[in-house]
Amino acid sequence: MAEELKVIVFTLGQEEYGIEVDKVRTIERMMPITRVPKTPAFVKGVINLRGVVIPVIDLRGRFGLPETEASENSRIIIVAANEMEVGFIVDSANDVVDIMSDAIDVPPEVVGGIKAKYLSGVAKFGDNRLLILMNLSEVLNRSEIIQLEQLGE
């Protein structure tokens with residue numbers, strides 16, 4: 001029997017992506033980000049969120065997409081990844097949807113210019129909408145997580 005998966009829908013450019021709701025701590029408006037030297041270009045820095053220092057990653061930069069200026073729709077999605085919290089800058093976060101597990105396919109090699117290793121699947125939902133599901137453990141690989149943990153200390 002197919003299980004129902006709740007995902008938060010966010011956009012990068014024209015594409016819609018999803019992260020499982022249970023991995024998301026909170027969605028915040030853009031806020032001042034403190035730049036940290038000697039980090040990869042897609043690591044924008046850290047934010048202080050209610051007394052917790054959280055590293056912030058620009059998902060556009062992470063996926064090799066052209067970076068854009070933040071707009072009033074831009075959001076920072078705070079996710080829990082491997083015992084730590086990380087913020088992802090996205091163009092907008094607008095929806096929570098239910099997806100049936102049997103509507104999720106294995107991702108093709110490249111989707112919207114993004115390598116398949118960053119994706120856990122592609123889900124069909126609604127009126128012919130496609131939702132690209134994130135593979136959080138690959139978006140943040142082990143060595144990057146260690147670097148980010150050091151930023152948070």
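All residue numbers in this chain count up from 1 along the given sequence. Below, each value reflects all heavy atoms present in this structure, side chains not excepted, and no hydrogens, waters or symmetry copies.
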Go through it in stages, so that I can follow the logic: the residues are M30 and R75, the test is side-chain contact (heavy atoms from CB on, under 4.5 Å), and I'd like the CA-CA distance, side-chain angles, deciding distance and then a yes or no. CA-CA 6 Å; M30 289 302 290; R75 295 290 180 266; over 6 Å; no

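- Transitive grouping of hydrophobic side chains (ILVMFWY, heavy atoms separated by less than 4.5 Å) keeps L133 and I8 in distinct clusters.
- Taking a 6.0 Å sphere around CD of E72, one finds it holds 12 or fewer heavy atoms contributed by other residues, nucleotides or ligands.
- Residues I47 and I78 form a side-chain contact, since some pair of their non-hydrogen atoms from C-beta on lies under 4.5 Å apart.
- Only one option out of I76, I77, I57 pairs with V86 in a side chain to side chain contact (heavy atoms under 4.5 Å, CB included); it is I57.
- No continuous path of hydrophobic side-chain contacts links V7 to L12 [ILVMFWY only; heavy atoms under 4.5 Å].
- Remark: L59 CG to E67 CD distance equals 10.5 Å, nearest 0.5 Å.
- Residues L136 and V97 do not share a hydrophobic cluster, defined by chaining ILVMFWY side chains whose heavy atoms lie under 4.5 Å apart.
- Inter-residue side-chain proximity for E85 and L49 is flagged as unmet; no heavy-atom pair is nearer than 4.5 Å.
- Hydrophobic clustering of Ile, Leu, Val, Met, Phe, Trp and Tyr side chains at less than 4.5 Å, counting indirect connections, keeps I19 apart from V9.
- Scanning for salt bridge (Lys or Arg N to Asp or Glu O under 4.0 Å) contacts around R35 gives an empty result, with sequence neighbours left out.
- Between the CD atom in E3 and the CG atom in D102 there is a gap of 10.5 Å [rounded to 0.5 Å].
- For the pair L130 and K124, the minimum side-chain heavy-atom distance is below 4.5 Å.
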Evaluate side-chain contact (heavy atoms from CB on, under 4.5 Å) for T26 paired with R50, printing each intermediate quantity in order. CA-CA 12 Å; T26 172; R50 295 181 274 286; 4.0 Å; yes

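- To the nearest 0.5 Å, atom CG of residue D22 and atom CG of residue L5 are 7.5 Å apart.
- Hydrophobic clustering of Ile, Leu, Val, Met, Phe, Trp and Tyr side chains at less than 4.5 Å, counting indirect connections, unites L119 with V79.
- Between P66 and R60, the shortest heavy-atom distance links the atoms O-NH1, 2.5 Å.
- Listed by chain and number, the residues in a ring pair (Phe, Tyr, Trp, His ring centres under 6.0 Å) with F10 are Y17 (sequence neighbours excluded).
- The residue from I132, D91, L65 that alone fulfils the side chain to side chain contact (heavy atoms under 4.5 Å, CB included) condition with E15 is I132.
- In this structure the side chain of V56 reaches within 4.5 angstrom of the side chain of I89, judged on heavy atoms.
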